[in-house]
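In what follows, a single structure is set out as structure tokens and then discussed.
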Number of protein chains: 4
Amino acid sequence: MSSINILEAIVAKSKLSKKETAKQQKIVESAIALFAEKGYSNTSTSEIAKKSGVAEGTIFRHYGTKENLLLSVIAPFLKESMPDLAKDLREEVNPDNNTRFEDFIESLIRNRLNFLKANREIFRVVIKELLYRDELRYDLFPHIGKEMSAFIGNAINDYKARGELADIPNDQLIRMILSTIGSQFVVRFVLSPETNADNEEREIESLVRFIVYGVSARD
Amino acid sequence: MSSINILEAIVAKSKLSKKETAKQQKIVESAIALFAEKGYSNTSTSEIAKKSGVAEGTIFRHYGTKENLLLSVIAPFLKESMPDLAKDLREEVNPDNNTRFEDFIESLIRNRLNFLKANREIFRVVIKELLYRDELRYDLFPHIGKEMSAFIGNAINDYKARGELADIPNDQLIRMILSTIGSQFVVRFVLSPETNADNEEREIESLVRFIVYGVSARD
Amino acid sequence: MSSINILEAIVAKSKLSKKETAKQQKIVESAIALFAEKGYSNTSTSEIAKKSGVAEGTIFRHYGTKENLLLSVIAPFLKESMPDLAKDLREEVNPDNNTRFEDFIESLIRNRLNFLKANREIFRVVIKELLYRDELRYDLFPHIGKEMSAFIGNAINDYKARGELADIPNDQLIRMILSTIGSQFVVRFVLSPETNADNEEREIESLVRFIVYGVSARD
Amino acid sequence: MSSINILEAIVAKSKLSKKETAKQQKIVESAIALFAEKGYSNTSTSEIAKKSGVAEGTIFRHYGTKENLLLSVIAPFLKESMPDLAKDLREEVNPDNNTRFEDFIESLIRNRLNFLKANREIFRVVIKELLYRDELRYDLFPHIGKEMSAFIGNAINDYKARGELADIPNDQLIRMILSTIGSQFVVRFVLSPETNADNEEREIESLVRFIVYGVSARD
DNA sequence: GATGAATGAGTTTTCATTCAT
DNA sequence: AATGAATGAAAACTCATTCAT
């Protein structure tokens with residue numbers, strides 16, 4: 001079964017099931033924190049139990065397996081991140097205006113940045129697991145790619161028509177943009193998670209500039 | 001282990017080691033393959049032993065602990081990656097000859113690409129472990145940054161003087177360039193390791209173009 | 001639990017119990033099905049609860065312990081099997097007639113066969129548990145033996161007087177007959193429970209013949 | 001995979017592997033005793049470990065799983081019991097010499113009885129597990145049936161020719177004989193394992209008589 | 001009466017590490 | 001040097017039972 005399907009199943013199930021117990025919330029919370037910090041396989045269920053102030057059995061009563069707990073943590077993040085993106089972006093970014101491509105990119109970055117600021121721990125978990133779970137990777141990347149294409153494809157065509165963008169196939173453009181933004185997020189949230197963000201504004205600006213113009217001097 | 005120590009310890013260790021026996025080579029080889037695929041904590045010493053055709057005790061006789069085996073695997077890679085870079089680059093890349101910055105970047109990419117092609121498995125191990133070992137990260141990135149600064153600082157200054165580069169502080173420039181290249185390498189070697197490289201040339205070209213000019217249309 | 005007590009306790013228990021609620025019936029029904037298939041210790045109370053459409057707590061509210069649920073399942077079977085036998089047999093089999101011993105045995109077999117057909121699941125439970133519960137065994141067999149002796153003792157004496165039966169002590173005769181019949185029932189209901197009974201008549205006939213005349217040729 | 005195949009695999013493997021350790025022997029010994037008494041699922045590996053004077057890990061190092069330990073216990077019994085039977089019987093029972101069918105049956109009984117006396121504990125384990133493992137049952141009974149047919153088929157034909165046996169199809173005859181003998185063995189070794197065998201001779205005699213002539217009076 | 005969340009003791013299993021040979 | 005049997009601590013997981021609602 002494809003991984004995205006599993007995630008959907010979990011989200012569906014968790015929507016069906018009555019509201020979470022206080023203990024369940026504590027469990028998920030602790031699991032996220034520990035998985036984020038030490039990674040899934042370096043975290044034991046007994047640690048999670050202790051941190052949650054819960055008996056170990058309780059974890060298994062609710063989630064069945066440790067693996068399933070992980071998915072229950074990841075699933076909502078993955079499934080809800082995409083719709084959120086589309087909706088939010090449409091509100092925040094209006095490519096029809098006489099905004100420039102830079103503005104468009106900046107909005108995109110700010111939108112995702114805010115999303116990740118609100119979900120930084122889960123993001124760390126996901127990134128770490130990405131390295132070990134082929135299905136996750138193989139499902140996720142194409143999925144994201146498609147969602148983004150659907151969303152920014154039109155915008156890109158507009159900007160291309162205006163002559164603002166290089167004549168590069170859309171999917172290549174998207175991949176470059178996303179991987180550049182993505183890698184900055186990974187650096188910021190996963191590799192140096194304790195960095196304080198004094199100069200966030202400057203970094204956004206500089207990232208936008210880099211994506212749009214590269215490192216070359218603009219005359 | 002203190003922050004400063006890990007790289008030094010690694011280098012020290014690799015200097016100590018007398019020449020490896022055939023069994024040791026098999027062990028290291030198997031460990032690399034398994035760590036690369038499943039990660040350090042998801043690999044058991046018994047798996048390594050089996051894959052090496054060696055008794056489990058033998059591993060511990062040589063490396064004392066599993067942790068230590070990991071270091072023995074990583075050490076040469078890290079130790080040699082830096083000097084190699086400097087030396088190789090100096091030979092291959094001659095900023096004076098290559099008139100344009102694009103050529104410089106391309107040489108840099110090709111050099112590192114070749115290095116990683118020859119060490120792809122270890123690269124995967126290192127990247128995966130990077131996420132779990134703060135010391136590794138905290139030592140490694142500044143270290144690489146410094147090495148690179150020392151090396152390409154002059155070149156950058158030259159190209160800046162020629163007006164080819166944007167007026168951005170060197171360390172920022174370096175970070176952008178390296179993280180963009182690095183993330184491509186991670187995608188290529190770690191996230192999609194089975195990708196065949198039919199269009200390698202085109203990808204290099206496109207990466208160079210992106211780094212230098214971004215996604216914008218040029219004049 | 002002492003040897004004498006278990007059967008008595010069971011009978012006592014089943015007398016105490018007020019009439020069962022619908023839920024209780026579902027519970028007992030599910031428990032029987034599951035115990036019959038997988039055995040007592042391989043069946044969890046949560047399985048029973050799920051199959052019954054009842055909360056796990058409900059089981060314990062009614063039966064206190066899992067063990068007690070088992071007894072509640074077994075009790076009526078054991079309690080009723082004996083009197084039923086005696087009563088039914090007296091009606092169905094009339095040894096006073098000029099029936100031959102074969103007819104007597106056949107009636108006995110048919111009677112018990114019908115009883116077990118109506119209680120096949122519980123029979124499977126009892127047989128399986130018999131192997132693990134010494135008290136059950138130590139109480140049950142002598143009990144059955146005594147009941148049967150009381151019942152067919154007279155008949156046997158009659159047939160002996162008529163010269164139809166070998167000169168073997170009654171208890172030995174009874175043991176042979178019962179264990180032969182019993183083992184056929186175990187084969188039929190426990191070891192091959194999915195066998196369809198097309199040739200039931202022929203099997204009864206052949207069993208009767210074997211009990212009475214063995215495998216030898218009758219001149 | 002069919003159960004007999006699994007057993008064969010295990011026997012094959014255990015023949016390949018070097019001789020058993022002293023600890024391994026202790027483990028198997030303790031496992032047999034405990035499985036025989038309390039059954040497989042009511043016996044914990046920690047009990048086995050304690051009784052063997054061995055660390056719990058040792059059990060799993062050698063047998064991998066508890067299930068596999070069970071099979072390692074059962075396998076030799078099942079696989080070797082059949083050949084032994086054939087070989088022993090051919091030596092002990094010579095249908096040509098023993099004039100009467102009774103003698104043949106008696107030899108058969110004595111042979112199997114001796115075999116089970118030497119393996120009474122394992123027999124108890126096997127019988128108990130038979131109830132819970134369909135594959136075991138479905139493989140074993142036909143297997144035994146075939147082996148026995150092959151072996152005593154000729155003898156039966158001889159005795160039939162001599163007019164000593166009823167005109168019943170061989171497979172039915174075999175089934176009756178074997179199930180009668182088998183059920184006596186189950187009673188003796190499994191259901192009343194602590195019975196002392198003072199009157200063994202008399203019981204054999206009586207069993208033979210019953211199989212051959214049933215309960216009827218012989219004029 | 002019924003529920004189902006919670007428990008915690010116990011079970012199977014894994015695994016890095018030790019050590020006698 | 002090499003082996004591999006043995007260990008024991010810790011891991012994931014199960015489950016009968018309790019109890020507040």
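Here is how names work: the chains are called A, B, and so on, in the same order as the sequence lines, proteins then strands, and each is numbered from 1. All of these numbers come straight from a predicted model, not from anything done at the bench.
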Please compare A/Gly64 and C/Gly64 by the position of their nearest nucleotide in DNA chain F and report the one closer to 5'. A/Gly64
To the nearest Å, give me how far apart CD (B/Glu47) and C1' (E/dA16) are. 13 Å
What is the distance from NZ of C/Lys50 to P of F/dA16, rounded to the nearest Å? 13 Å
What contact category does B/Thr43 fall into here, base, sugar-phosphate, or nothing, at under 4.0 angstrom with non-hydrogen atoms? sugar-phosphate
When you compare the protein's N or O atoms with those of nucleotides 6-8 of chain E, which come within less than 3.5 Å of each other, and at what distance?
unit_1	atom_1	unit_2	atom_2	d
E/dA6	OP2	A/His62	NE2	2.7
E/dA6	N7	A/Arg61	NE	3.2
E/dT7	OP1	A/Lys23	NZ	3.0
E/dT7	OP2	A/Ala55	N	3.1
E/dT7	OP2	A/Thr58	OG1	2.7

Side chain to side chain contact (heavy atoms under 4.5 Å, CB included) between D/Tyr63 and D/Leu71, intermediate numbers included: CA-CA 9 Å; D/Tyr63 301 97; D/Leu71 294 182; over 6 Å; no
Donor-acceptor pair, D/Lys128 side chain versus D/Ala36 backbone, under 3.5 Å? yes
To the nearest Å, give me how far apart CG (B/Leu70) and C1' (E/dC15) are. 17 Å
Rounded to whole Å, the NZ-P distance (D/Lys66 to E/dG10) equals 16 Å
Closest non-hydrogen atom pair between B/Gly39 and B/Thr43, with its separation: O-OG1, 2.8 Å
When we call it a touch if two heavy atoms are under 4.0 Å apart, what does C/Thr45 touch: a base, just sugar-phosphate, or nothing? base
Could you give the CD-to-C1' distance, from B/Glu67 to E/dC15, as a whole number of Å? 15 Å
Are the side chain of C/Arg137 and the backbone N or O of C/Leu130 linked by a donor-acceptor pair below 3.5 Å? yes
First encountered from the 5' end of DNA chain E, between D/Ser41 and B/Ser41: D/Ser41
Round to the nearest Å and state the distance from C/Ile48 atom CD1 to F/dA16 atom P. 8 Å
Within the 3.5 Å criterion, strictly below it, is a donor on A/Ser46 or A/Glu56 matched to an acceptor on the partner's side chain? no
Indicate the atoms forming the closest heavy-atom contact of B/Ile59 with B/Thr45, along with that distance. CD1-O, 3.6 Å
Whole-Å distance between E/dA16 P and B/Leu34 CG? 12 Å
Are any side-chain N or O atoms of B/Thr58 and backbone N or O atoms of B/Val54, one a donor and one an acceptor, separated by less than 3.5 Å? no
Got more than 12 heavy atoms from elsewhere within 6.0 Å of CD, A/Glu47? yes
Is a side-chain donor or acceptor of B/Lys66 paired with a backbone partner of B/Tyr40 at a separation under 3.5 angstrom? yes
Atom CG of B/Asn42 to atom C1' of E/dA16: distance rounded to whole Å? 15 Å
So what does the secondary structure string of DNA chain F come out as, 5' to 3', with Watson-Crick or wobble pairs under 3.5 angstrom, [ ] for crossing and | for pairs with another strand? .||||||||||||||||||||
